[in-house]
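Below, all heavy atoms of this structure are taken into account, side chains as well, without hydrogens, waters or symmetry copies.
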Amino acid sequence: MNTKPARTRLAPSPTGRFHLANARNALYSYLIARKTGGQFILRIEDTDQKRFVPGAEEVIVRSLDWLGISPDESPFHGGQYGPYRQTERREIYQHYARQIVETGYAYPCFCTPERLDKMRKEQEAQKVDRVRYDGLCRRLDPDDVARRIAAGEKYTIRFKMPQEGSTVAHDHIRGDIVTENKYLDDYVIVRSDGLPTYHLAAIVDDHEMQITHVLRSAEWIPTFPLHVQIIRAFGWDEPVWVHPSILLKPSGKGKMSKRDTAAAMEDGYSIFIEELDGLGYIPEGVLNWIALMGWGVAEDDVMTLDQMVERFNVDNLTPSPAATNFQKLDHFNGTHIRLLTNEDLSARIKPYFTGAGLDVPNETLVKVTPLIRERLVTLDDCLAFARFFFQEKVEPNPEDLIAKGLDAKQSAGIARKAYEILSSLSDISHAVAEPPMREFVEASGFNAGQVFGILRVAVTGQKVSPPLFESMEIIGRTTVLERLQNAIGVLEKLG
RNA sequence: GCCCCCAUCGUCUAGUGGACUAGGACGCGGCCCUUUCAAGGCCACGACCGGGGUUCGAAUCCCCGUGGGGGCACCA
């Protein structure tokens, strides 16, 4: 990989939501910049003002910040190459639009949308292979053009695509992409409202902002030759182009549809970065997950951002489409949760408890965290495993208090015995309480699963919980005995 | 319809003509550990899309199919 400082960019349009594919382009771009000591830039492509969605820019920045891959330059962070919003760069595009017309690589087109529409319909009726601009204004007399412009007639500017030969565009992971020019079109590069389309704006900006590596999704491949031709028309150097493939639905058959997105949501997943936080995912896990969709790492695939920077290489990006695998998200999330320090994890799960209306004393939290860390797939799982630590009372399902293979009466007997043993101890810490309970199990003839199962449900209110004795130690003698007493009452009523 | 991109276990991938009995990870199944659930350890199952070439030799190179995907706007 080129080691001179790279300048990369993420250029989303503020029209929709910030999803996986955006994040993945951002990550790879960020990685290239960090790896080479360069800069990662966020540029807002808002030239289509009809589609502008208020607040979309903020979501993008918030998502990037959450992931920990904030841009070095952006409309919000500033920078030497601003403005970073295309609608604020009008004059720059106008300058280059004039230049490209003057040098003969583009021309004004007076065709109205109505005429274009009619033209297309006619072409469709004739079943042409590819509907495209018929070149009417390309053949206009220069004096005529000047006259019509002077008369105030509205016009767009079209790029004068070579009509013969072919264009070779080089993608770093796909190699040369050769397109015969006869399949290309005279694309509109400046709208009649004076604002450029993506084709001109992006090329001009990438040049002006000195972007060295352009990562954009594969949807851009069809217009890739156009972009290369525009660059050549200006006589500029090309950046390194990389087109990572689109992301497929979990089955790998077809791309993510609205329906798939909704289905993911129902399963507790999301393709929108802003929603992942609320779903209990941590940036470290999400990042690791995203990184591996299209980046070939042979082994040791659990990585922190720093490790990714260390190991990343654009050469290892894959060109084939990747299925979105949420199970893998869970895996990476759980793995990275376990990599967190107890202090860090405690701070991250606390909001879930308080959010559920629980009072969470820190001294209790720090004791609880080590007990549940291995069990968490998502942060919000902490509630399922540990809410009983912070509740006044616990209400076990009566049925659950009856041990496997026993009836209510026998179970009540075990509970009473456990109460007897525990209440005889002044201290029920793990080390003190376990030996006598084990002795009881030995002597009683019941098995450990039965005895401890009853105790677990009585004390935690649930069948699945963190280790019993550690849990009881944290809950404290008084509360444990209260809960046991309550369970005995429930069992007696049952019996 | 036309153009373009892609093609290794169910999924993400390693593989750049001989080191391939095709490696790793997720998931799945089993075992161990264990008071539950996890975590961890071990084991198993599981793939080179098809057909032609090229070559002493092909997962790897070429061609043709097939399948999947993208695009054909004064959207990005």
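Across all strands shown, A:Thr318 has heavy atoms under 4.0 Å from sugar-phosphate atoms exclusively, and none from any base. Nucleic acid contact class of A:Gly294 (heavy atoms, under 4.0 Å, all strands): sugar-phosphate only. A:Cys109 comes within 4.0 angstrom of no nucleic acid atom, judged by non-hydrogen atoms across all strands. Contacts of A:Leu292 with the nucleic acid, taken as non-hydrogen atoms under 4.0 Å apart, involve only primed sugar atoms and P, OP1 or OP2. Residue contacts shown for A:Arg120 are limited to sugar-phosphate atoms, with no base heavy atom under 4.0 Å away. Using a 4.0 Å heavy-atom distance criterion, A:Pro466 is classed as a base contact. Among the protein residues, A:Gly453 comes within range of no part of the nucleic acid, since none of its heavy atoms lies under 4.0 Å from any strand. Contact annotation for A:Arg216: no contact, since no heavy-atom pair falls under 4.0 Å across all strands.
Ring geometry for A:Phe332 versus A:His336: interplanar angle of 30 to 60°, hence tilted. Relative ring orientation between A:Tyr187 and A:His199 is described as tilted, the plane-to-plane angle lying within the 30° to 60° band. Ring pair A:Phe110/A:Tyr155 is tilted by interplanar angle, where 30° to 60° counts as tilted.
Look at A:Lys463 and you won't find any side-chain N or O under 4.0 angstrom from OP1 or OP2 of B:C37. Side-chain nitrogen and oxygen atoms of A:Thr15 include none within less than 4.0 Å of the OP1 or OP2 phosphate oxygen of B:A76. Residue A:Arg51 has no polar side-chain atom (N or O) positioned under 4.0 Å from OP1 or OP2 of B:C74. In this model, the phosphate group of B:C75 is approached by a side-chain N or O of A:Arg191 to a distance below 4.0 Å at OP1 or OP2. Phosphate proximity of B:A76 to A:Thr47: present, with a side-chain N or O under 4.0 Å from OP1 or OP2.
When rounded to the nearest whole Å, the span between CG of A:Asp205 and C1' of B:A76 equals 14 Å. Regarding A:Gln49, its CD atom lies at a distance of 14 Å from the C1' atom of B:A76, rounded to whole Å. Computed from coordinates, the A:Glu45 CD to B:C74 P distance equals 18 Å when rounded to whole Å. Whole-Å rounding puts the A:Asp330 CG to B:C28 C1' distance at 15 Å. Separating the CD atom of A:Glu124 from the P atom of B:C2 is a distance of 15 Å, rounded to the nearest angstrom. Rounded to an integer number of Å, the gap from CZ of A:Arg130 to P of B:C4 is 12 Å. Going from atom CD1 of A:Ile203 over to atom P of B:A76 covers 13 Å, rounded to whole Å. Rounded to whole Å, the distance from CG on A:Leu184 to P on B:C2 is 18 Å.
Summarising the base pairing, B:C56 is matched to B:G18 through a Watson-Crick or G-U wobble pair whose two defining distances lie under 3.5 Å. Pair assignment for B:G46 gives none, since no Watson-Crick or G-U wobble pairing has each distance under 3.5 Å. Of the nucleotides present, B:C6 is the one that pairs with B:G67 by Watson-Crick or G-U wobble criteria, both distances under 3.5 Å.
Candidate nucleotides B:A25, B:C2, B:G70 were compared by shortest atom distance to the side chain of A:Tyr183, and B:C2 ranks first. Comparing atom distances between the A:Ile177 side chain and each of B:C74, B:C4, B:C2 picks out B:C4 as nearest. Of the candidates B:A76, B:C37, B:A25, the closest approach to any side-chain atom of A:Asp301 belongs to B:A25. Side chain of A:Ile221, nearest nucleotide from B:A76, B:C74, B:C5: B:C5.
Between A:Arg348 and A:Glu284 there is a salt bridge, since at least one side-chain N of the basic residue sits less than 4.0 Å from a carboxylate O of the acidic one. Between A:Asp185 and A:Arg132, no side-chain nitrogen of the basic residue sits less than 4.0 Å from a carboxylate oxygen of the acidic one, so the salt-bridge criterion is not met.
A:Thr112 places a side-chain N or O within 3.5 Å of a backbone atom of A:Arg115 that can act as its donor or acceptor partner. At distances below 3.5 Å, at least one donor-acceptor pair connects side-chain atoms of A:Asp186 with backbone N or O atoms of A:Met161. Formation of a donor-acceptor pair under 3.5 Å by the A:Asn25 side chain with backbone atoms of A:Arg216 is not found in this model.
Summary of the strand contacts: A:Thr156 and A:Gly449 both lie near RNA chain B, and taking for each the nucleotide with the nearest heavy atom, the more 5' one is attributed to A:Gly449. Residue-to-nucleotide proximity on RNA chain B shows that, of A:Ala218 and A:Thr223, the 5′-proximal contact is made by A:Ala218.
If you take atom P in B:C74 and the same atom in B:G67, they sit 32 Å apart, rounded to whole Å. Between the C1' atoms of B:A22 and B:U16, the separation comes to 15 Å (whole Å). The same atom, C1', is picked in B:C62 and in B:C43; the two are 42 Å apart, to the nearest Å. Taking atom P in both B:C32 and B:A38, one finds a spacing of 16 Å when rounded to whole Å. Taking atom C1' on both B:A76 and B:G70, the two are 14 Å apart, rounded to the nearest angstrom. Comparing the C1' positions of B:C9 and B:G23 gives a spacing of 12 Å, expressed to the nearest Å. Annotation: B:G46 and B:U13 have their P atoms spaced 23 Å apart (nearest Å). Nucleotides B:G27 and B:G15, compared at atom P, are 23 Å apart to the nearest Å.
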TODO: Produce a footprint string for nucleotides 38-48 of chain B: one letter per nucleotide, 5' end first; B if the base is under 4.0 Å from any protein heavy atom, S if only the sugar-phosphate is, - if neither.
DONE: BSS--------

Open item on the list: Walk along nucleotides 6-11 of chain B from 5' to 3' and tag each nucleotide B, S or - by protein heavy-atom contact under 4.0 Å, base first, then sugar-phosphate.
Closed with: SS---S

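Summarising the local packing, CD of A:Glu395 is surrounded by 12 or fewer heavy atoms from other residues, nucleotides or ligands at distances under 6.0 Å. Shown here is A:Lys463, whose NZ atom has no more than 12 heavy atoms of other residues, nucleotides or ligands within 6.0 Å.
Geometrically, A:Arg43 does not engage A:Tyr84 in a cation-pi contact, judged by NZ or CZ lying under 6.0 Å from the ring centre and within 45° of the ring axis. Cation-pi geometry between A:Arg158 and A:Tyr133 is satisfied (NZ or CZ under 6.0 Å from the ring centre, within 45° of the ring normal).
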Task: ring pair (Phe, Tyr, Trp, His ring centres under 6.0 Å) evaluation trace for A:Tyr281 with A:Trp289 - done: CA-CA 11 Å; A:Tyr281 291 96; A:Trp289 177 54; 7.8 Å; no

Open item on the list: Could you go through A:Glu57 and A:Arg85, starting from their C-alpha distance and side-chain angles, then the distance that decides it, and tell me whether this counts as salt bridge (charged side-chain N to carboxylate O under 4.0 Å, His left out)?
Closed with: CA-CA 10 Å; A:Glu57 289 182 0; A:Arg85 231 178 322 245; 2.5 Å; yes

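For A:Ser192 against B:C74, a side-chain-to-base donor-acceptor contact under 3.5 Å is present.
Aromatic pair A:Phe159/A:Tyr107: centroids not less than 6.0 angstrom apart.
If you check residues 84-92 of chain A against RNA chain B, you find no residue with a heavy atom closer than 4.0 Å.
The distance from the CG atom of A:Asn22 to the CZ atom of A:Phe272 is 9.5 Å, given to the nearest 0.5 Å.
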